Amino acid sequence: MPTTPRAAVTAIVSLCILVLVGCSGQTIPVTEGGTAAPQPLTVSGANLNTGTLSFPAGFMTSVKTYGAKGDGVTDDTAAIQSALSDGRSNASADYYGVPKALYFPPGTYLVKNTLQWVGCCVTLQGSGSSSSVIRLAPDASGFNNSAAPKPVILTPLGNQSFRQNIWDLGFSIGPGNPGATALNYVSNNIGSIHNVLVKSEDGNGHAGIDLTRQYAGPLMIRNTEVQGFDVGVDLQNAEYSTTIEGITLSGQNIAGIRNSNQLVNVRGLTSTNKVPAITNSGGFVVLLDGSLSGGIASVPAIQTNSTMYLRNVASSGYEATLQDSSTATPTLTKGTIVHLVVGGAPSTLTGTASSTTGVNMSIGETPSFTSTSLSDWAVFTPKWYGDTSGLQAVLNSGKHTVYFPFAAYFSYNEADVTVPDTVDRIVGFSSVVNLGAGTNGGGIRFVVTSNSTTPLIIEQFGYGIKIDHRGSRPVVLKDGFINNYASYPGAGKLFLEDIGIDSFNIQKGQQAYIRQLDNEVSATKISNLGGSLWILGLKTEQAGTVISTASGGETELIGGMIYPAIAVPSTQAAFVSTDAQTSYIYKEDVYCSGCGYATQVQETRSGVTKKITSPTTGNFRMPLFVGYK
């Protein structure tokens, strides 16, 4: 798989990254990780809440409805499996519009066999990672063979395993289960594991989170901790991609994160291990902000033979922070790595050698909101299936949280409602709003005209939601598919997290911070019209320019997986910029003739256009492109 363009490159200059990578692309052996003085690391791994979350009555079906006890003694396997299987007997059915969500109230749910289900769109919701715990019984039958791993949770296989979510739960593997995998997980396009604690009580087990089946991703893991197991997070296949933000790993026996072939984007990793925190074989790993401690002098913290981008990574106790065997002469890099490209030289068309970090934007953290009392929640309850007439009144109730109890809703005509300043959060609890054939194709459109500085959070809707962002109020969209996002001049900050979406614009002066985005529209997918756009984890399909940036805008893409899957017109470039500042880290996977971009990057400055063209055949990796004024 090539790491730099092999065909025609117009006016391209290969950069040298600090003193760590030479102009030939070969790593220079050094003893310390950069010429700049190491900066104090601010690294945040998982930050799990030890308390119990409160939810309104009836927000979601409880597994106790099916007979689960949660007393830590009763075998709850059959009861939980009954809840997962209810209404899911037909493996060939399409469950996209009829999702399933199950609540695990506080308790310890003892299980002795694998829990699994049929179809997409299932959410397992707990009351907190220390409050709702699924525990595998000690010495459980079938979990004793490390050579034949067996999962506690097994999601359906991809690649139509959409919207599989595991939230606010703990998983504990009792002693005597060396073949146990806590979560064998696949989700496609969107889906996440978040606020989850996974631990092995005796330190043994195959993996905490296993993502090695096809086709895992794109998906997100955030605010998650894994204690013990041979491997904390295991990844294998080139398709599709995984985005991780805020993860803590400790006590692994082989590796914290073991990756082969996949694109993995990590921000905020804390690892306490004697074994490597990351091993990367043939894959593409981005790591921003890593604190890797507990090592021993004979083992490197990171081992790689393939493409990586590292920024703000430190280790202690290890032989070195990085062992790089991507070239004929393996090298070690010690100390704090300020920024480093491995497995290929950065590229530019008009940049300078000082621009080796990319745009390096300041990063906005995704806001959250939790009501202090359930009396501050207002429920939307339609009078009949398809009724949305009462939604505006609920929004105007003065309550700070408006929620849709888990269900499949319907809107034949588009329902346009305005969100007042009093509403801080609208939560769907994994509901969908199925679309009708009426006005504007049905669905619910939330109109944000406010100039409040308090963020508005809209989350956990699988489908059927549209957004008009007209005011300067910040908008946060999380955990679901947004059918349409329309911004207008003067729109406030935008935060997207684990979102599927169609084409959208970033307005001039607008700031956007995106984590784990899936976009499969056959047109220009994101247009930055002069704002600031930061992305950690992007996956696209179909033809059309991925990102167009103009009018002095700045775009920083960290970890993109470009997968056209169809023929792309030769006139289309993957990335286009005009008088803007850009940097891109991404890969393109191509498996058929003509199914890739002929031009990877097209940059115009002062009326002069230059291009980086694609390899004549095969896949493409861009370890770092920098484009500046």
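These numbers come from a predicted model, not from an experiment. Counting begins at 1 with the first residue of the sequence.
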- For Phe59, what residues pass the ring-ring contact (aromatic ring centres under 6.0 Å, His included) criterion, not counting sequence neighbours? Phe55, Tyr103, Phe429

- Query: So with a 6.0 Å cut-off around CZ of Phe369, is the heavy-atom count from everything else above 12?
  - Reply: yes

Testing the 3.5 Å rule here: is there a donor-acceptor pair between the side chains of [X] and [Y]?
| X | Y | value |
| --- | --- | --- |
| Asn451 | Ser472 | yes |
| Arg163 | Asn188 | no |
| Thr155 | Arg213 | yes |
| Ser371 | Thr401 | yes |
| Asn159 | Tyr240 | yes |
| His194 | Asn223 | no |
| Asp168 | Gln125 | yes |
| Gln460 | Asp479 | no |
| Asn519 | Thr540 | no |
| Ser127 | Ser132 | yes |
| Ser373 | Ser375 | yes |
| Ser192 | Trp167 | yes |
| Gln602 | Ser577 | no |

Show which side-chain atoms of residues 378-388 pair as donor or acceptor with protein atoms under 3.5 Å away, not counting sequence neighbours.
from: Asp387; atom 1: OD1; to: Ser389; atom 2: N; distance (Å): 3.0
from: Asp387; atom 1: OD1; to: Ser389; atom 2: OG; distance (Å): 2.6
from: Asp387; atom 1: OD2; to: Lys383; atom 2: N; distance (Å): 2.9

- All side-chain hydrogen bond (donor to acceptor under 3.5 Å, both in side chains) counterparts of Glu497, not counting sequence neighbours: Arg222, Thr366

- Query: Partners of Thr555 by side-chain hydrogen bond (donor to acceptor under 3.5 Å, both in side chains), sequence neighbours excluded?
  - Reply: Asn528, Thr549

- Do any pairs count as a salt bridge (Lys or Arg N to Asp or Glu O under 4.0 Å) and have a residue in residues 442-462, sequence neighbours left out, and if so which ones? Glu414-Arg445, Arg425-Glu459, Arg445-Asp468

- So Gln600 and Tyr584, side-chain hydrogen bond (donor to acceptor under 3.5 Å, both in side chains) or not? Walk me through it. CA-CA 11 Å; Gln600 293 292 324; Tyr584 317 121; over 6 Å; no

Are [X] and [Y] close enough for a salt bridge, meaning some N to O gap below 4.0 Å?
| X | Y | answer |
| --- | --- | --- |
| Asp376 | Lys399 | no |
| Glu554 | Lys508 | no |
| Lys539 | Glu520 | yes |

- For the side-chain contact (heavy atoms from CB on, under 4.5 Å) test, which of Leu395, Ile457, Ile444 pairs with Ile426? Leu395

- Message: Set out, in order, the CA-CA distance, both residues' side-chain angles and the distance that settles side-chain hydrogen bond (donor to acceptor under 3.5 Å, both in side chains) for Asp234 and Thr212, then state yes or no.
- Response: CA-CA 6 Å; Asp234 208 5; Thr212 61; 5.3 Å; no

- Task: Not counting sequence neighbours, list each pair that qualifies as a ring-ring contact (aromatic ring centres under 6.0 Å, His included) and has a residue in residues 469-499.
- Result: Tyr463-Phe481, His469-Tyr485, Phe495-Tyr513

